Amino acid sequence: MMLYKKRLMIPGPTPIPEKVVQAGLEPMIDERTEEFGHLFSELLLNLKKIINTENDILIFSSSITGACEGTVQNLFSQGDHVLVINNGYFAERWIQICEAYNLIVHQVNFEFNEKVDFSKIKKILKENEQIKGAICVFCETSSGMMNDIELFGAVTNDILSIVDAASGLGVSEIKADQWGIDVVVSGGQKALMTPPGISFVTVSDKAWKANHTSNISKFYFDWQKAKKYSQEKYPHTPYTPAISLIFQLREATNMILDDGLQNVYKKHELLYKATREAVRSLGLKLVLEMDTVASSVTAAYLPEYINAEIFVEQLANEFGIQITDGPGIYKDKIIRIGHCGYMDPFDIIATILAIETLLQKRYGYNLIPGNAVQKAQEVFANGNLVTSNI
């Protein structure tokens with residue numbers, strides 16, 4: 001049996017560059033020292049550059065969901081009204097978090113593959129003046145939808161604006177301050193090419209004012225405590241952080257900034273376009289037919305007679321390529337191919353070739369062998385991919 005190189009082709013966690021792996025093997029240090037303080041300060045500055053913000057950044061050792069929960073704890077009080085733009089699985093998670101803290105949630109629901117109508121958001125906010133904050137997911141990885149964060153910031157100018165940038169940050173540009181985003185929530189395990197376990201939030205002056213009136217109990221995710229320790233002579237976190245992950249995220253963000261943010265965005269745009277063109281060429285229906293800014297994932301429907309969950313397992317077992325199926329009711333219907341972070345054209349081509357082979361040989365799917373790969377190659381050939389490190 002042929003042994004295949006394993007390729008992790010999901011929107012997170014993502015493959016880790018060798019330099020980032022090595023950074024995690026650095027000798028352990030005390031987080032209360034000058035050495036760690038310099039390292040931590042450098043990471044904070046790097047994140048500010050990537051997010052385009054001068055606002056405070058607070059770092060936590062947790063999953064991104066932890067930072068989401070901490071955001072609700074620190075901005076709101078029980079009974080506050082909050083609006084959640086819901087067009088996917090991860091927006092629904094925000095609804096669950098808000099309801100767990102007894103907030104009154106105004107859901108604005110759009111279909112799984114429907115673009116957000118921000119005129120509708122504007123109308124709802126005008127009719128419900130008690131709404132204190134609004135939440136929008138940047139990249140809804142359940143479908144691949146990229147929501148327009150600039151428009152979101154514009155229509156929520158008078159209230160708190162919160163963006164879940166988990167799988168959008170580092171893929172497409174975000175200008176937090178210019179677009180009026182009060183809180184950006186994200187983490188290291190997606191386009192920032194770091195193992196899971198680090199999350200962070202940006203906090204605007206408006207968000208700090210809301211924090212000072214919040215009456216929800218908080219301890220580990222207490223923003224005021226985190227800010228205090230981040231401003232000490234040797235900046236650090238209130239509690240022992242995941243020190244090795246801090247090393248790794250600093251290295252990863254250095255690599256991104258060394259390559260140049262615009263080059264990194266261009267790379268992701270090419271990976272996104274090549275994957276979409278190849279999937280279309282296979283004859284599979286894309287979940288999102290409209291083109292948006294570069295997404296971290298491409299989602300497509302399989303033929304009805306193919307179970308997506310089983311297909312994903314077969315692709316991993318037979319070709320070493322790990323993609324993922326759909327969330328919730330779409331689990332057995334769609335496949336999702338991740339293409340963010342430490343990935344290159346050969347990862348995309350290998351993935352498309354494996355999908356094509358599995359479709360044809362195991363399922364007798366009617367296709368022209370090599371045609372999908374050629375479509376991807378054409379995008380890369382015309383795309384002038386210039387990034388060197390990632």
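Treat the numbers as computed from the prediction; the structure is a model and nothing was measured. Atoms considered below: every heavy atom in the structure, side chains included; atoms not considered: hydrogens, waters and symmetry mates.
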Undergrad: Could I get the full list of salt bridge (charged side-chain N to carboxylate O under 4.0 Å, His left out) partners for E114, not counting sequence neighbours?
TA: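 Partners of E114 by the salt bridge (charged side-chain N to carboxylate O under 4.0 Å, His left out) criterion come out as none, since no residue qualifies.
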Undergrad: Could you work out, with salt bridge (charged side-chain N to carboxylate O under 4.0 Å, His left out) as the rule, every residue matching D80, not counting sequence neighbours?
TA: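 With neighbours one apart ignored, the set is K132.
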Undergrad: Among residues at least two apart in sequence or on other chains, which ones pass salt bridge (charged side-chain N to carboxylate O under 4.0 Å, His left out) with D325?
TA: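 Here the qualifying residues are K331.
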Undergrad: Tell me the side chain to side chain donor-acceptor pair (under 3.5 Å) pairs involving residues 184-199, sequence neighbours left out?
TA: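 For residues 184-199: S62-S199.
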Undergrad: List the residues meeting salt bridge (charged side-chain N to carboxylate O under 4.0 Å, His left out) with E251, not counting sequence neighbours, and say none if there are none.
TA: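 Residues passing salt bridge (charged side-chain N to carboxylate O under 4.0 Å, His left out) with E251: K19.
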Undergrad: Which pairs with one or both residues in residues 197-216 pass ring-ring contact (aromatic ring centres under 6.0 Å, His included), sequence neighbours excluded?
TA: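 Applying ring-ring contact (aromatic ring centres under 6.0 Å, His included) to every pair that reaches into residues 197-216, excluding sequence neighbours, yields nothing.
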Undergrad: With sequence neighbours left out, which residue pairs that include part of residues 9-59 fulfil the ring-ring contact (aromatic ring centres under 6.0 Å, His included) condition?
TA: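 Found F36-F40.
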Undergrad: Just to verify, what does E269 make a side chain to side chain contact (heavy atoms under 4.5 Å, CB included) with, not counting sequence neighbours?
TA: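 K266, K273, A294.
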Undergrad: Can you list every pair that meets ring-ring contact (aromatic ring centres under 6.0 Å, His included) and has a residue in residues 95-133, with sequence neighbours left out?
TA: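 Only H81-H106, F112-Y330 qualify under ring-ring contact (aromatic ring centres under 6.0 Å, His included).
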Undergrad: To which residues is I10 joined in a hydrophobic cluster, defined by side-chain heavy-atom contacts under 4.5 Å among Ile, Leu, Val, Met, Phe, Trp and Tyr, whether direct or through other members?
TA: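 Same cluster as I10: L8.
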Undergrad: Please name all residues satisfying ring pair (Phe, Tyr, Trp, His ring centres under 6.0 Å) with Y89, sequence neighbours left out, ordered by chain then number.
TA: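 For Y89, no residue satisfies ring pair (Phe, Tyr, Trp, His ring centres under 6.0 Å) once neighbours in sequence are set aside.
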Undergrad: Mind listing the side-chain donor-acceptor pairs of residues 163-170 below 3.5 Å, one per line with the distance, residues two or more places apart or on another chain?
TA:
residue: D164; atom: OD1; partner: A166; partner atom: N; Å: 3.1
residue: D164; atom: OD2; partner: W94; partner atom: NE1; Å: 2.9
residue: S167; atom: OG; partner: C139; partner atom: O; Å: 3.2

